[in-house]
Amino acid sequence: MNICILSTDQVKDDHRLLEAAKARGHTAELYNIRDISMVLSTEKPMIYWRDKNITKAFDAIIPRLNVNFTDYGTNVLQQFICSQTYVSESPAALRLGRDKLKCLQYLLARGLPFPATGIAYNPQGFQELANVIGLPMIIKLIESTEGTGIFLVHSLKEMDNIVKTFSQLGASYIIQRFVKEASGTDIRAFVVGGKVVASMCRRSQDGDFRSNVSLGGHSEPYQLSSDEEEMVLSATASIGMNVAGVDFVCSDQGPLLLEINVSPDFTGEQGIESITGVDIAGAIIDYAVSQVHRFYEQRYSSAKVLESQRGILCADG
């Protein structure tokens with residue numbers, strides 16, 4: 001099977017996916033989204049990698065898109081879909097997962113638990129919301145990632161300064177209740193194809209309220225409870241993601257979801273693959289391959305139904 005890893009510089013993860021694909025006997029290529037161009041045409045839509053036509057070159061596309069490339073990357077994925085190529089993630093799900101507010105609204109629609117969160121159109125609107133959220137609180141950019149763009153504030157004056165600064169920069173942001181009892185600790189569950197394949201607990205090593213491995217956090221294996229696993233799988237299903245890292249904290253009121261990461265890292269010394277010993281890359285490849293077979297079987301079945309219907313219409317005519 002021919003597989004394309006469509007990437008934006010997640011070098012270690014990308015090469016693990018290539019290794020896993022080739023170890024399973026597949027042909028795999030790694031293409032950077034910056035090198036992709038497209039021709040939109042009803043007669044002959046085209047996709048190019050540099051000067052090479054790759055419109056029909058692959059059986060499956062696996063996206064690994066950084067936040068800065070979400071818009072262009074999802075447009076490229078949609079072009080592959082229009083060209084009848086299997087894509088392992090829906091462009092709509094990727095866009096939704098990158099918008100933290102909309103993502104929380106989908107969790108809310110399912111009744112899933114998360115810390116109380118507020119948003120307003122202008123900075124003044126946050127003053128009243130702060131009374132409901134309470135102090136200390138988190139201020140978070142809508143498109144924050146790997147712990148950046150997230151601030152812990154202890155006073156209304158501090159909050160006011162940050163939200164006004166964000167507003168002047170044209171950034172979108174939310175405020176969120178700070179779960180004090182979980183400060184510096186969270187759980188990452190890695191989901192592939194509707195199953196939790198691995199999970200770990202991350203702890204800050206320097207007193208930071210953020211536990212991200214990218215910021216120096218230490219990781220250890222973690223066994224989800226049945227309730228936690230059900231919550232995690234409901235969260236990914238709510239936005240339609242197939243591969244995702246779901247972060248949550250253990251609070252006095254039970255587990256609370258923090259966010260769904262739609263292009264989660266899994267390599268590195270403190271990464272979930274090393275910590276748990278689970279072949280995350282292999283799980284992603286195996287899932288994509290299994291779905292490719294279903295994708296083309298469904299296309300074949302649909303074509304046969306249409307052909308049959310045309311025959312009936314012709315006979316009736």
Side-chain angles (χ1 to χ4, degrees), residues 3 5 7 9-24 26 28 30 62-66 88-89 97 112 145-147 179 182-206 208-237 239 241-251 254-291:
I3 300 171
I5 313 298
S7 176
D9 303 325
Q10 293 167 287
V11 179
K12 291 182 179 179
D13 289 24
D14 296 339
H15 282 88
R16 275 289 297 122
L17 289 169
L18 284 177
E19 290 171 5
K22 292 176 179 178
R24 286 159 171 75
H26 304 296
L30 175 61
I62 299 177
R64 298 283 301 168
L65 305 176
N66 285 343
S88 66
E89 298 293 354
L112 296 172
T145 181
E146 296 185 341
V179 184
S183 179
T185 303
D186 72 3
I187 312 299
R188 160 67 61 88
F190 207 103
V191 176
V192 179
K195 297 179 181 179
V196 176
V197 297
S199 54
M200 66 180 182
C201 177
R202 305 180 297 187
R203 303 181 191 277
S204 169
Q205 298 298 291
D206 57 6
D208 196 328
F209 72 97
R210 300 164 298 178
S211 57
N212 303 72
V213 170
S214 60
L215 299 177
H218 178 79
S219 306
E220 59 191 42
Y222 180 87
Q223 181 62 49
L224 299 183
S225 69
S226 57
D227 288 344
E228 290 170 343
E229 184 171 0
E230 182 180 352
M231 176 189 70
V232 164
L233 294 179
S234 293
T236 54
I239 65 169
M241 282 300 301
N242 298 316
V243 175
V246 180
D247 297 341
F248 68 92
V249 293
C250 299
S251 76
L256 297 174
L257 291 160
L258 295 180
E259 62 182 334
I260 302 173
N261 298 272
V262 299
S263 189
D265 294 336
F266 54 86
T267 59
E269 184 179 348
Q270 291 295 315
I272 195 166
E273 200 171 56
S274 298
I275 293 299
T276 64
V278 174
D279 183 5
I280 301 289
I284 294 172
I285 295 298
D286 289 342
Y287 171 73
V289 169
S290 71
Q291 296 305 298

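- Distance check, rounded to the nearest 0.5 Å: NZ of K22 to CG of L17 gives 12.0 Å.
- Ion pairing of R202 with D247 is present here, as a side-chain N (NZ or NE/NH1/NH2) and a carboxylate O approach within less than 4.0 Å.
- Looking at residues two or more places apart in sequence or on another chain, you find no side-chain hydrogen bond (donor to acceptor under 3.5 Å, both in side chains) involving S199.
- Counting heavy atoms from C-beta on, the side chains of L224 and I187 come closer than 4.5 Å.
- With sequence neighbours left out, S263 forms a side-chain hydrogen bond (donor to acceptor under 3.5 Å, both in side chains) with Q10.
- Counting only residues at least two apart or in different chains, salt bridge (Lys or Arg N to Asp or Glu O under 4.0 Å) contacts with residues 269-281 comprise R16-E273, R16-D279, R24-D279.
- Considering only heavy atoms from C-beta on, V278 stays 4.5 Å or farther from I272 through its side chain.
- Residues satisfying the side-chain contact (heavy atoms from CB on, under 4.5 Å) criterion with P264, sequence neighbours excluded, are R64, R188, F190, N261.
- How far CD1 of I284 is from CD1 of I5: 8.5 Å, rounded to the nearest 0.5 Å.
- The structure places CE of M241 at 9.0 Å from OG1 of T236, a figure rounded to the nearest 0.5 Å.
- Listed by chain and number, the residues in a salt bridge (Lys or Arg N to Asp or Glu O under 4.0 Å) with E230 amount to none (sequence neighbours excluded).
- The distance from atom SG of C201 to atom NE2 of H218, rounded to the nearest 0.5 Å, is 9.0 Å.
- Annotation for A182 and C250: closest pair CB-O, 3.7 Å, computed over non-hydrogen atoms.
- Nearest heavy atom pair, residue L18 against residue L30, reads CD1-CB, 3.7 Å.
- Evaluation of the side-chain contact (heavy atoms from CB on, under 4.5 Å) rule for S225 yields D227, E228 as partners, not counting sequence neighbours.
- Taking the side-chain hydrogen bond (donor to acceptor under 3.5 Å, both in side chains) definition, one finds that T276 meets it with nothing, sequence neighbours left out.
- The structure places CG of L112 at 12.5 Å from CZ of F248, a figure rounded to the nearest 0.5 Å.
- Between the side chain of N242 and the backbone N or O of E89 there is no donor-acceptor pair closer than 3.5 Å.
- Taking both residues in full, the closest heavy atoms of A235 and I260 are given as O-CD1, 3.3 Å, listed atom of the first, atom of the second, then distance.
- For the atom pair CD1 of I285 and CD1 of I3, the computed distance is 4.5 Å after rounding to the nearest 0.5 Å.
- Side-chain contact between H26 and V289 is present, with at least one heavy-atom pair separated by less than 4.5 Å.
- With sequence neighbours left out, the side-chain contact (heavy atoms from CB on, under 4.5 Å) criterion links L233 to V191, V196, E229.
- Of all heavy-atom pairs between V179 and S251, the closest is CG1-CB, 3.7 Å.
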